[in-house]
Every structure is written in structure tokens, then in C-alpha cells.
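Some notes on the structure that comes next.
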Amino acid sequence: MSVRVRIAPSPTGNLHIGTARTAVFNWLFARNQEGKFILRVEDTDLERSKSEYTENIKSGLTWLGLTWDEGPFFQTQRLDLYRDAIQKLIDQGFAYPCYCTPPELEQMREKQKATNQAPRYDNRHRNLTAEEIAQFEADGRKPVIRFKIDDEQKIVWNDLVRGKVVWQGSDLGGDMVIARTPEQDSETFGQPLYNLAVVVDDIDMDITHVIRGEDHIANTAKQILLYEALGANVPEFAHTPLILNTEGKKLSKRDGVTSIDDFRKMGFIAPALTNYMTLLGWTPPDAQEIFTLDSAATQFYLERVNKAGAKFDWDKLDWLNSQYLHSMPSDDLLSLLIPYWQEAGYQFDTGADKQWLLDLTTLLAPSLTRLTDGVKDGALFFVDGVTIASDAQEFVAQDGAKAVLESVGSQCESGLTLDGAKAIIKAVTKEFKVKKGLVMRSLRVGLTGALHGPDLIQTWLLLNQKGMDKTRIETVSNSISN
RNA sequence: GCCCCCAUCGUCUAGAGGCCUAGGACACCUGGUUUUCAUCCAGGCAACAGGGAUUCGAAUUCCCUUGGGGGUACCA
């Protein structure tokens with residue numbers, strides 16, 4: 001049987017890094033096994049689900065390169081399927097109506113906690129008589145549907161990343177709710193709940209491997225029972241470790257930046273992000289740390305996925321992102337940078353300025369960690385005018401600097417070449433009998449207002465092509481007193 | 001509380017009984033390259049949670065302790 005896996009996000013928020021990482025593992029596994037990767041939107045929580053989040057999830061997965069082979073499927077469009085399954089479970093005696101009210105359940109749990117017992121449903125309505133049911137109905141109570149979970153039974157599965165996992169039925173919290181209270185009088189039961197819907201869908205979609213976060217382990221035990229009651233084959237399960245925050249807790253929306261959208265806006269690129277997410281819990285056999293999704297897929301095995309949670313490390317992500325940015329062809333990098341520059345309001349013509357933009361990209365590339373650094377570093381080249389840093393001001397106040405700048409400034413002409421620039425620097429060094437360092441550093445201050453920056457002559461050439469060198473040098477030299 | 005899972009440098013990890021004096025990467029520190037910053041290169045610091053058991057031999061197997069995490073809904 002061919003492999004079929006799925007990513008099943010719930011549209012209650014933007015695409016989360018944890019969901020994305022699960023998607024990565026599923027995608028890699030599907031690719032490795034030449035199987036199918038399916039997208040299913042779990043929107044049975046009508047209260048919290050929003051279509052804008054669905055769009056965000058789809059665009060996020062696409063941006064990351066995690067394309068799906070089938071779907072997206074929506075659970076809200078498959079309600080009949082769940083309804084049939086629930087009815088079947090009731091008919092076959094696997095499920096029954098429970099008329100307990102939320103306050104009653106609340107009270108029951110309070111009592112259990114008070115006596116140091118595990119809070120659970122005590123299965124009190126499992127064997128209601130027809131008379132009792134009639135009485136509840138007459139009282140106007142509406143039932144939820146509960147699926148019987150035998151306390152005595154043991155649930156066992158061979159987890160593909162954890163090995164054998166054993167669960168005791170009694171530790172599952174009692175008979176589980178699979179359908180909510182009906183909202184309309186005509187209905188005998190309401191909306192399906194997560195565990196039921198997941199199983200029905202996974203059966204219907206012939207899912208062979210369920211790869212998901214470790215936080216679902218307890219659900220797996222419950223779901224296996226559902227598979228069996230529905231007479232379906234139980235798929236393989238693999239529970240991946242969680243991504244943890246700095247405190248070592250499960251990364252949640254409250255940890256600030258967690259949505260894929262946020263990472264994109266911060267200047268991370270998709271290949272670096274997927275590379276990093278993969279590395280969080282998995283290492284390729286060859287120990288290579290920088291790899292594409294495609295190459296990882298060729299050697300991806302669930303058995304190599306770690307068991308322990310992994311803390312999210314910004315430093316490592318930054319490093320990976322910078323590696324990608326540094327090794328990328330200039331025109332690729334340029335096209336990534338352009339949107340950021342445009343958003344910053346920088347004026348340029350992508351046609352006429354093409355070569356200039358490419359040269360600028362080459363100049364800036366080694367200093368980029370995130371694409372957003374290109375905005376900061378590029379300001380100098382797109383925005384006229386210069387502000388002088390205090391240490392630069394100080395440097396340029398020394399003897400000779402002003403004269404050097406005035407001399408260089410007077411020699412600035414359009415059409416400056418590399419050799420021309422070198423010749424001017426050499427001539428000025430000779431003329432004033434100063435060290436080359438003084439000329440270079442003064443010139444840097446004259447051109448950029450700072451003591452540090454990328455290659456000076458290239459910087460000069462680029463500014464010259466935009467006619468910004470002469471006036472800038474003059475502005476700075478005029479600002480020097482004496 | 002109860003149940004489950006997990007445990008190697010600060011972080012991500014390699015390690016399936018002798019190859020481990022525990023390897024790599026990030027971060028950090030030092031040096032080199034550079035007019036400077038960045039890049040790049042070279043080097044350094046730094047870990048098997050603790051205790052038992054098995055074994056000639058344990059980071060690797062087993063048990064206990066400790067620590068961390070997850071779950072415990074008419075959320076997903």
C-alpha cells in the first residue's frame with residue numbers, strides 16, 4: 001500500500017511554527033516514501049475557526065515549499081461522514097447519549113480532585129434505562145454522545161519514533177465525548193468532536209502514517225479505540241518532539257514570534273527556515289547541516305527523529321539564514337531584497353538600475369543575516385544626505401582630514417572607475433604626505449558618515465553612479481570646523 | 001493529584017557495549033585576512049543529571065531517584 005500522510009491544521013490562528021515543522025516531517029516522509037501529502041483543515045471548532053487563517057495556512061505552506069498533493073479538505077464540508085460514523089457507533093453499542101450538564105461534570109471533577117483522584121468522567125450514564133432517558137428528555141436536556149472506553153483494556157502501539165507505547169484504558173478519562181449537544185431540537189446529537197472527526201477522516205482518506213506532535217500521544221490511544229470500533233485498520237503513528245521556548249516549555253502563540261508569516265516579515269527566507277525546522281529534531285546521516293528539503297527527503301527516516309523536545313535557538317536560525325544569503329547568486333538575492341527596499345520607500349528602477357542594484361547586492365551580501373538588514377545597510381545608497389556618527393566626527397576632526405576630503409571632493413566627477421578611484425586616493429595620499437589609512441578612513445566618513453562599512457571603493461563607485469559622492473563629501477568636510 | 005513521554009557541552013545534536021582522551025554545528029573567546037565593519041580561515045572554552053545493577057568492559061542495557069516536558073475539555 002502506498003504511503004499517505006496528512007497535515008491537519010486547525011484554522012484558529014496563523015500558520016504556527018510547530019504546525020509547519022510537523023508539516024515538514026510529513027512532507028519529507030511522503031517524499032521519501034514516494035507517497036502522498038494531504039492537507040486537511042480541521043475547522044470543526046466553529047467558534048474559533050476563521051477563513052482568513054485558512055488562507056494564511058495555505059499561503060504559508062506554499063511559501064515554505066511544502067506543497068500538498070491532495071486537498072485542502074475541510075471538515076465542515078464532511079459533516080455527514082461524521083454523522084454516519086457516530087450513528088453507527090451508537091447502533092452498534094459503542095456509544096451512547098449522556099445527559100450530564102456541564103455544571104454536573106464540573107462538580108464531579110471538583111469532588112474527585114478534592115479526594116486526590118484523577119478527574120475523569122465516571123461513566124454514570126453508560127447504562128441509562130429507557131425510562132431515565134425519557135425523563136431527561138422530558139426535562140428538556142440534550143445529550144452529548146460518549147464513546148465507551150473500557151477501563152480494563154490496554155492500548156498498545158509501536159510508535160515509529162518512540163517504540164512501544166502502552167496505555168491503560170482507565171487513564172483516558174472515562175467514556176469520551178464524540179459529539180456535542182445538538183443545537184437544534186430535531187437533531188439527536190450535535191457537532192462531532194476532534195478525535196472522532198480525525199479518525200473518520202484518516203480512515204476515509206486512507207492515511208497510512210499519522211505523524212504529529214508529542215502533545216497528541218494521549219489522543220492516539222483514544223483514536224486507536226475508535227479505529228477498532230469502526231472496523232478500520234489502525235495506521236502507523238509517529239510522535240515528534242515539540243519545539244520548546246527558551247524556558248523549555250511548549251512554544252505557544254504567547255511566545256511572541258511564532259507564525260510563519262512573522263518569520264517571513266523578519267527577513268528569514270523559506271529554505272533557511274525549513275532547513276532549521278528540520279534540524280530541530282532530526283539530523284541527516286551524513287551530518288550535513290545545510291541542506292534543501294529535497295535532499296533531506298532522500299535520506300529522511302522517522303527512526304532518526306529525536307525523542308526529546310528541542311529549544312528554539314534564534315542564533316542558529318540567524319546563522320543558517322545568513323549562510324543562505326551569503327552563498328546565493330546575486331540576482332536571486334536581489335529579487336528577494338527588492339520587496340523589502342520597496343516597502344522601505346526606496347526609489348529605484350528595477351530595469352534601468354539593474355546592474356547598479358546587482359552591484360549593490362554583491363557589496364551588501366556578506367553583511368546580511370536577515371533580508372531586513374538590507375534595508376538598514378541599503379539606506380546609504382538609496383537616500384541622499386548623510387548623518388555623521390560621533391566617533392566618525394571625532395576621527396575627521398584630526399589634522400589633515402578636512403584637507404584630504406576637500407581635495408577628494410574636488411576631484412569627484414561622474415563616471416568614476418575603479419582605477420580612477422584608486423588613482424585619486426593614491427594622488428591625495430601623496431599630495432598631503434599622509435598615510436593611506438587617513439585618506440581611506442576620512443573618505444569613508446565623507447561618503448557614509450561612519451567609520452565602518454562595506455568595501456570603501458565599491459561603495460564610492462556605487463554612490464558616484466547615483467551622483468551622491470561629491471555632495472556628500474562636501475557636506476561632511478564643511479561640517480568639520482577649523 | 002493522576003497518566004504518559006523525555007534526559008550528552010549554554011543551545012541543536014553525533015553516539016545502537018570496547019573505535020570516546022565523548023565528535024560536529026551555533027553561540028562565546030583568541031589569532032589571521034581586511035583601510036574599517038562584516039565575510040572568510042585557523043585555534044580555544046565547554047557535556048554523558050545522580051545512584052545502583054548486568055558485564056572483563058557502559059554515554060550506550062536494566063532498575064530507582066531527581067529533573068524537565070506533555071496530557072488530563074461538549075479545543076484542536
Side-chain angles (χ1 to χ4, degrees), chain A residues 8-13 19 42-45 47-49 75 98 100-102 105-106 109 112-121 142-146 159 162 165-168 170-174 176-181 189-195 197-198 213-221 239 241-242 244 246-250 276 279-283 285 287-290 304 306-320 322 326 364-369 373 377 395 425 435-445 448 450-457:
Chain A
S10 116
T12 53
T19 310
E42 313 218 313
D43 53 355
T44 51
D45 185 345
E47 306 271 305
R48 298 190 296 150
S49 295
Q75 291 193 322
C98 163
C100 294
T101 62
L105 294 171
E106 182 70 20
R109 291 197 190 100
Q112 289 162 340
K113 274 184 193 168
T115 54
N116 256 347
Q117 290 173 290
R120 56 162 290 164
Y121 175 62
K142 291 290 175 190
V144 296
I145 302 300
R146 285 186 185 270
D159 197 287
R162 271 149 227 284
V165 180
V166 182
W167 217 282
Q168 184 66 40
S170 54
D171 293 326
L172 256 21
M176 66 186 283
V177 179
I178 54 173
R180 294 177 164 90
T181 310
F189 51 83
Q191 296 293 314
L193 250 14
Y194 171 74
N195 278 310
V198 167
E214 187 187 8
D215 47 347
H216 280 283
I217 286 193
N219 284 329
T220 296
H239 292 92
L242 265 19
L244 276 19
T246 329
E247 284 76 50
K249 312 245 191 220
K250 179 166 89 165
Y276 181 65
L279 233 29
L280 232 39
W282 184 79
T283 335
Q288 177 66 41
E289 296 212 290
I290 298 179
R304 275 191 79 83
N306 273 301
K307 296 184 186 73
K311 285 187 189 169
F312 190 90
D313 182 6
W314 286 96
D315 284 332
K316 186 101 178 203
L317 208 214
D318 270 336
W319 175 77
L320 263 175
S322 73
H326 298 167
L364 261 27
S367 61
L368 302 181
T369 295
D373 293 332
D377 298 348
F395 178 84
I425 291 166
K435 287 184 176 173
K436 191 181 170 192
L438 176 72
V439 179
M440 297 293 278
R441 302 181 80 186
S442 299
L443 182 54
R444 180 180 291 286
V445 175
T448 71
L451 240 22
H452 308 296
D455 187 87
L456 182 60
I457 293 180

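Reminder, nothing fancy here: chain letters follow the sequence lines and each chain counts from 1.
- The distance between atom OH of A:Y276 and atom P of B:rU13, rounded to the nearest whole Å, is 8 Å.
- Here B:rC74 presents its P atom at 7 Å from CG of A:L193, a figure rounded to the nearest Å.
- Closest to the side chain of A:R146, from the set B:rC4, B:rC6, B:rC74, is B:rC74.
- Judged by Watson-Crick or G-U wobble contacts below 3.5 Å, the nucleotide B:rG1 has B:rU72 as its partner.
- One interatomic measurement links the two molecules: CZ of A:R304 to P of B:rC12, which rounds to 17 Å at whole-angstrom precision.
- Taking a pair to require two hydrogen-bonding distances under 3.5 Å in either a Watson-Crick or a G-U wobble arrangement, B:rU33 remains unpaired.
- In terms of polar N and O atoms assigned as donor or acceptor, the side chain of A:R48 comes within less than 3.5 Å of the base of B:rC75 in a complementary pairing.
- When the C1' atom of B:rA73 is taken as reference, atom CD1 of A:I178 falls 15 Å away, rounded to whole Å.
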In B/S/- notation (B base, S sugar-phosphate only, - none; protein heavy atoms under 4.0 Å), nucleotides 27-44 of chain B written 5' to 3' is S-------BBBBSS----
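- Annotation: B:rU13 and B:rA47 have their C1' atoms spaced 12 Å apart (nearest Å).
- Ring orientation note: the planes of A:Y194 and A:H216 are tilted relative to one another, at an angle of 30° to 60°.
- At a threshold of 4.5 Å between non-hydrogen side-chain atoms, the residues A:F312 and A:L317 count as touching.
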